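Below: the structure, in structure tokens.
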Amino acid sequence: MQALNIPYSLSAEQIGFYQKNRFIKLKNVFDAETLAHYGDAIAQQVAKMNTVTSKVDERDTYGKAFLQLFNLWRENEVVKEFVFSKRMAKIAADLMQVDGVRMYHDQALFKEGGGGITPWHADQYYWPLSSDKTVTAWIPLQATPLPLGPLEFSAGSHQIVEGRDLSIGDESEKLIGEKLRVTDFEHVIEPFDLGEISFHSGWVFHRAGANLTDQMRRVMTVIYMDKNMILKDPENQNQINDWNTWCPGAVVGEVIDTELNPVLY
């Protein structure tokens, strides 16, 4: 557990890279022993919570993308230790250049062997949050070469407004992909080493390839927001659902400060 709370020092260059591109990949955030210990706990909790029984090829594009389980931290104390890591939370605060961060929610994204693509999208379409001071830590629990379907980014694409109104699916993959192909934003497709984690903002466009192997791609994510984040009036049904699910009791126009949104750093 000690490894979860030792500060990870970011350089001015790394912070500048994130501010420009709204994503960054950082090596050696956690060691193999830490990932093995907490990865096993996360995998066991995913198996316990998962209710999907259909075969991959029987699902729609979103269903083929991953098994998606939320707020594992509320169900498992060992997973909670990992999700509440001050090491990760401080990285999130430093990258966003804010005084502190709160939990929005966590989610496990396990892409099965033979699982499909995760279509192009921007996360913040789903979030009733008043600013772009949000960041997701994407934490592979194993080394993730290209055939496993690592996360891909369109560097700097948070500047694009077109496509922000699209949920994840075939339409977002097609329309956002077409838009990005005629821009100068670099499409970053790289493997992840063991212990390497990415952080991306809510409005940067990203996707993941299919899992071309017979192995599970195990990923845990933690979504952080500025500790002073204000709830905005929702703009779509998904944002209403997120309000009721991830910050119930929060009030539009006020700081989101509920028992589900503790300050982590």
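FYI, side chains are in, hydrogens and waters are out, and symmetry mates aren't considered; it's all heavy atoms of this structure. Since the structure is predicted, the reported quantities are computational estimates derived from the model, not experimental observations.
- Using modelled atom types, one side-chain atom of Asn236 and one backbone atom of Tyr125 make a donor-acceptor pair closer than 3.5 Å.
- Counted by atom type alone, Thr61 and Glu173 present zero donor-acceptor pairs between their side chains at under 3.5 Å.
- Between Met96 and Thr134 the shortest heavy-atom distance is SD-N, 3.3 Å.
- Residues Trp120 and Lys179 are not in side-chain contact: their nearest non-hydrogen atoms beyond the backbone lie 4.5 Å or more apart.
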Residue pair Gln44, Asp40: steps toward the side-chain hydrogen bond (donor to acceptor under 3.5 Å, both in side chains) verdict | CA-CA 6 Å; Gln44 290 171 21; Asp40 285 347; 5.6 Å; no

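- Tested against Glu112 for a salt bridge (charged side-chain N to carboxylate O under 4.0 Å, His left out), the candidates Lys64, Arg59, Arg217 yield a single pass: Arg59.
- Hydrophobic clustering of Ile, Leu, Val, Met, Phe, Trp and Tyr side chains at less than 4.5 Å, counting indirect connections, unites Val101 with Leu4.
- With Asp106 contributing its side chain and Leu72 its backbone, the two residues share a donor-acceptor pair below 3.5 Å.
- Within 6.0 Å of CG on Asp184 lie no more than 12 heavy atoms contributed by other residues, nucleotides or ligands.
- Formation of a donor-acceptor pair under 3.5 Å by the Asp60 side chain with backbone atoms of Gly63 is found in this model.
- With hydrogens and angles disregarded, no donor-acceptor distance shorter than 3.5 Å links the side chain of Ser131 to the backbone of Leu129.
- A 6.0 Å sphere centred on CD of Glu162 holds no more than 12 heavy atoms belonging to other residues, nucleotides or ligands.
- Scanning all heavy atoms of the two residues, the minimum distance from Arg218 to Ala43 falls at NH1-CB, 3.8 Å.
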Applying side chain to side chain contact (heavy atoms under 4.5 Å, CB included), run through Gln2 and Ile6 and close with a yes or a no.
-> CA-CA 7 Å; Gln2 183 180 1; Ile6 299 171; 4.3 Å; yes

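- Checked against Arg102 for a side-chain hydrogen bond (donor to acceptor under 3.5 Å, both in side chains), the options Thr258, Asp257, Asn261 give a single hit: Asp257.
- Under a 3.5 Å cut-off, the side chain of Asn71 and the backbone N or O of Arg74 do not form any donor-acceptor pair.
- Counting only N and O atoms by type, the side chains of Gln159 and Ser157 include no donor and acceptor under 3.5 Å apart.
- If you take CD on Gln19 and CZ on Phe17, they are separated by 12.0 Å, rounding to the nearest 0.5 Å.
- Here the straight-line distance linking atom CG of Asn5 with atom CZ of Arg87 works out to 9.5 Å at 0.5 Å rounding.
- Placement of Ile160 and Phe23 in two distinct hydrophobic clusters is found when ILVMFWY residues are connected by side-chain heavy-atom separations under 4.5 Å, directly or transitively.
- In terms of heavy-atom proximity, Pro145 sits nearest to Pro150 at O-CD, 3.4 Å.
- Arg22 forms no cation-pi arrangement with Trp203, by the criterion of a distance under 6.0 Å to the ring centre and an angle within 45° of the ring axis.
- From Leu194, atom CG reaches atom NZ of Lys27 across 11.0 Å, with rounding to the nearest 0.5 Å.
- Nearest approach of Phe30 to Ala3, heavy atoms of both residues: CE2-O, 4.0 Å.
- For the side-chain contact (heavy atoms from CB on, under 4.5 Å) test with Val222, the passing option among Ile139, Thr136, Val135 is Ile139; the others fail.
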Report the C-alpha distance between Trp246 and Leu260 in whole Å, list the side-chain angles of each, state the deciding distance to 0.1 Å, and finish with yes or no for side chain to side chain contact (heavy atoms under 4.5 Å, CB included).
-> CA-CA 7 Å; Trp246 310 127; Leu260 298 188; 5.7 Å; no

When you look at Lys227 and Asp99, which way does the salt bridge (charged side-chain N to carboxylate O under 4.0 Å, His left out) test go after all the steps?
-> CA-CA 8 Å; Lys227 72 175 183 180; Asp99 293 333; 5.7 Å; no

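- Side-chain atoms of Gln239 come within 3.5 Å of backbone atoms of Glu235 as a donor-acceptor pair (strictly under, hydrogens ignored).
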Apply side chain to side chain contact (heavy atoms under 4.5 Å, CB included) to Val252 and Trp243, showing your working.
-> CA-CA 10 Å; Val252 171; Trp243 177 8; 3.6 Å; yes

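- To the nearest 0.5 Å, atom OH of residue Tyr224 and atom CE of residue Met88 are 4.0 Å apart.
- Rounded to the nearest 0.5 angstrom, Met225 CE and Trp127 CH2 are separated by 10.0 Å.
- Transitive grouping of hydrophobic side chains (ILVMFWY, heavy atoms separated by less than 4.5 Å) brings Ile256 and Tyr126 into a common cluster.
- Considering all non-hydrogen atoms of both residues, Ala92 and Phe199 come closest at N-CE2, 4.4 Å.
- Looking at Asp242 and Tyr104, their side chains do bring a donor and an acceptor atom within 3.5 Å of each other.
- Note on Val188: it does not cluster hydrophobically with Ile176, by side-chain heavy-atom contacts below 4.5 Å among ILVMFWY residues.
- The closest side-chain heavy-atom distance from Lys174 to Ser172 is not below 4.5 Å.
- Looking only at distances, a side-chain donor or acceptor of His206 sits under 3.5 Å from a matching main-chain atom of Val204.
- Of the possible polar contacts, one joining the Lys25 side chain to the Pro191 backbone as a donor-acceptor pair under 3.5 Å is found.
- By the neighbour-count criterion of 12 heavy atoms within 6.0 Å, atom NZ of Lys86 is sparsely surrounded, having that number or fewer from other residues, nucleotides or ligands.
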Side chain to side chain contact (heavy atoms under 4.5 Å, CB included) evaluation trace for Tyr62 with Ser167 | CA-CA 10 Å; Tyr62 190 94; Ser167 58; over 6 Å; no

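- Taking the six-membered ring for Trp and thresholds of 30 and 60 degrees, His105 and Phe70 have ring planes more than 60 degrees apart, a perpendicular arrangement.
- Here CD1 of Ile24 is found 4.5 Å from CG of Leu26. Values are rounded to the nearest 0.5 Å.
- Listed for the Asp193 side chain is no donor-acceptor partner under 3.5 Å among the backbone atoms of Glu196.
- Ala41 and Val78 make their closest contact through CB-CG1, 3.6 Å (heavy atoms, listed as atom of the first residue, atom of the second, distance).
- The environment of CD in Glu33 is sparse: at most 12 heavy-atom neighbours from other residues, nucleotides or ligands sit within 6.0 Å.
- Just one of Tyr265, Trp73, Tyr38 meets the ring-ring contact (aromatic ring centres under 6.0 Å, His included) condition when paired with Phe84; it is Trp73.
- Remark: side-chain polar atoms of Lys111 are paired, donor with acceptor, to backbone N or O of Ala65 under 3.5 angstrom.
- There is a path of hydrophobic side-chain contacts, each under 4.5 Å, that joins Val52 to Phe66.
- Hydrophobic side-chain contacts under 4.5 Å tie Val182 to no other Ile, Leu, Val, Met, Phe, Trp or Tyr residue.
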Apply ring pair (Phe, Tyr, Trp, His ring centres under 6.0 Å) to the pair Phe205 and Phe185, showing each step before the final yes or no.
-> CA-CA 10 Å; Phe205 289 109; Phe185 300 115; 9.1 Å; no

Worked check of salt bridge (charged side-chain N to carboxylate O under 4.0 Å, His left out) between Lys90 and Asp94 = CA-CA 6 Å; Lys90 183 180 186 300; Asp94 289 348; 2.7 Å; yes

